[in-house]
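A short write-up of the structure that comes next.
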Amino acid sequence: MEFVELKKQLKTSPPHACYYCFGDDDYVISRAVALICGLAEEPKPFNCVDRAFERADDLVAELMQLPLTGKYRIVVARGKTDKDAISEYLKKPNGAAVLVLTDYIPHDSWNHSPATACPVGATPLNCSRLPVKFVYPFVRAITDKTETQISDKEIELLYNRCGRYMTRINSEAQKLSFLRAGDTVTADDITEQVCADTEFVVYDLCDSIISRDGARALAIVNGMAKNNDLTAAFTLLYNRFKRMFTAAVAPDGLAALGVKPGMAARLKRESDGFTKAQLKKILDMLASADYAYKTGAMSIDDALVMFVAQAAGRA
C-alpha cells in the first residue's frame, strides 16, 4: 500500500492488524504513524502505546490488551522487533489491536535494494518520498496561512532543491511563506533561500558532464564543498553513469536496477551520445578518483575536481 492510500483505507474499512511503515522519508513515516494513531480514542495514553520492546513476549502481551475506550488500541513498536514472533501473532491477532512497525530505510545512492523486513501477515506501507503532485496542496496549505502565492513551477523547484524530502520541504516552505507573506514566492527566492540538496546538485553536474560543458561542471563543483555531501556525490555520480552504461550495453537490465520506463528511455537517449568505451572510461575515472581520496592520496574536493575535469573534457 502507498502512503497516499492510507487515509482513505482507514476511513472506508477496518484497519489492518499490522502496518509495516517503511521508506526513505522520516516525515512521511511519522505522518503514517500519526494517521493510524488517530484511530485511538481518549484517553490516548491508555489506548496508544509508542515505545521499543526488548522482548517479543512483552510486545505480544501489549497487543493482547483491550482498549480502555473506543474500538482500537494502537501499539507502535520502535526499533528492532522479532519478525518471526510477530508473524506468529498475526496468524490470530487481537481484533481490537493495531500494530505499527517503522523502518526508516535511507536512500541508497548505489541503488542497492535492501531485503524487506516486513513480517508475514503485515501490510507493507510505502513511506518513501512522495510524487510532486501530492506536494502541491501540502505547500499551498502552508503558504495560504500567510496569504502567500506560489505557482506549481516554483513548488517543483522547491521540491527538487529539497531532494523531495518532506521534512525539508515543510521547513523551507514555512520560511518562504513568512519571507514573502502577502506576496508571491519567486524562483529567485527559492534559489537564494533554499540550499540545494546534494542529489539535485549532482543531477545538474551530471547533465553538465553529459553535455561536455566543462566550465559549468567545474563551477558547480566549486560551489559544492560548502553545502553538499561530497561522499554522497561520488555514489550519486557512479549510480547515474552506471545506469547510462547499462542503457548502452544491456538496456533490458535497467528494470533490474529499479529504473522506470520513462527514465530508462531518457538514459538510453543520453547514452547514445557516447560510445560504450567512453562510458566505461568515465566509470574507470570515477573509480580512480574515489580510490584517491579514500586512500588519502588527495582531498575529496581535489578528487572530485579531477574527475569532473577529465570526464567533461575527455568524454
Does any part of the side chain of Arg164, heavy atoms only, come nearer than 4.5 Å to the side chain of Asp197, both counted from C-beta? no
Ile282-Tyr291 co-clustered via ILVMFWY side chain contacts under 4.5 Å: no
Would you compute the distance between atom CG of Leu157 and atom CD1 of Ile190 and round it to the nearest 0.5 angstrom? 4.5 Å
State, yes or no, whether a side-chain contact exists between Cys195 and Arg168 at a heavy-atom distance under 4.5 Å. yes
Would you say that more than 12 heavy atoms from the other residues, nucleotides or ligands in this model lie under 6.0 Å from the NZ of Lys83, or not? yes
To the nearest 0.5 Å, atom SG of Cys37 lies from atom CG of Asp50 at 6.0 Å
Using a 4.5 Å cut-off on heavy atoms from C-beta on, say whether the side chain of Phe22 contacts that of Cys118. no
Can Arg31 be said to sit on top of Tyr27's aromatic six-ring, NZ or CZ under 6.0 Å from centre and within 45° of the ring axis? no
Path from Ile300 to Met298 over hydrophobic side-chain contacts below 4.5 Å: no
Heavy-atom closest pair, residues Ala122 and Leu90: N-CD1, 3.6 Å
Decide yes or no on side-chain contact (heavy atoms from CB on, under 4.5 Å) for Met285 and Met306, but give the supporting numbers first. CA-CA 9 Å; Met285 288 188 293; Met306 179 187 73; over 6 Å; no
Mark yes when over 12 heavy atoms from residues, nucleotides or ligands other than Lys175 sit less than 6.0 Å from its NZ; otherwise mark no. yes
Using a strict threshold of under 4.0 Å (side-chain N to carboxylate O), is an ion pair present between Arg266 and Asp207? yes
Are Tyr72 and Glu41 close enough that a side-chain donor and a side-chain acceptor fall under 3.5 Å? no
Strictly below 4.0 Å, N to O, side chains only: are Glu156 and Lys153 in salt-bridge contact? no
Just so I know, are the side chains of Phe178 and Thr148 near enough to count as touching, which here means a heavy-atom distance under 4.5 Å? no
So Met166 and Ile169, do their side chains get closer than 4.5 Å, heavy atoms only? yes
Between Val49 and Arg73, is there a side-chain heavy-atom distance shorter than 4.5 Å? yes
Working to the nearest 0.5 Å, report the span between CG of Leu205 and CG of Leu236. 10.0 Å
Treating Ile, Leu, Val, Met, Phe, Trp and Tyr as nodes and any side-chain heavy-atom pair under 4.5 angstrom as an edge, say whether Phe46 and Met64 lie in one connected cluster. no
Does Glu5 CD have over 12 foreign heavy atoms under 6.0 Å away? yes
Determine, step by step, whether Arg161 and Asp204 satisfy the salt bridge (Lys or Arg N to Asp or Glu O under 4.0 Å) criterion, reporting the C-alpha distance in whole Å, the side-chain angles of both residues, the deciding distance to 0.1 Å, and the verdict. CA-CA 11 Å; Arg161 287 185 73 85; Asp204 194 16; over 6 Å; no
Heavy atoms, side chains only, cut-off 4.5 Å: are Gln310 and Lys281 in contact? no
Excluding sequence neighbours, so at least two apart, what forms ring pair (Phe, Tyr, Trp, His ring centres under 6.0 Å) with Tyr293? Phe234
Can you hop from Val75 to Leu66 via hydrophobic side chains spaced under 4.5 Å? no
Separation of Glu199 CD from Arg129 CZ (nearest 0.5 Å): 4.5 Å
For Val120, the rest of its hydrophobic cluster, which grows through side-chain links under 4.5 angstrom: none
Over-ring placement of Arg78 relative to Tyr104, 6.0 Å and 45° cut-offs: no
Side-chain donor-acceptor pair present, Thr186, Asp189, cut-off under 3.5 Å: yes
Distance-only side-chain donor-acceptor flag, Tyr20 / Asp103, under 3.5 Å: yes
Residues in ring pair (Phe, Tyr, Trp, His ring centres under 6.0 Å) contact with Phe245, at least two apart in sequence or another chain: none
Lys44 atom NZ, over 12 foreign heavy atoms within 6.0 Å: yes
Residue pair Val28 / Ser128, side-chain heavy-atom distance below 4.5 Å: no
Going from CG on Leu101 to CG on Leu125, what distance comes out if it is rounded to the nearest 0.5 angstrom? 11.0 Å
What distance separates Arg243 CZ from Met263 CE, expressed to the nearest 0.5 Å? 7.5 Å
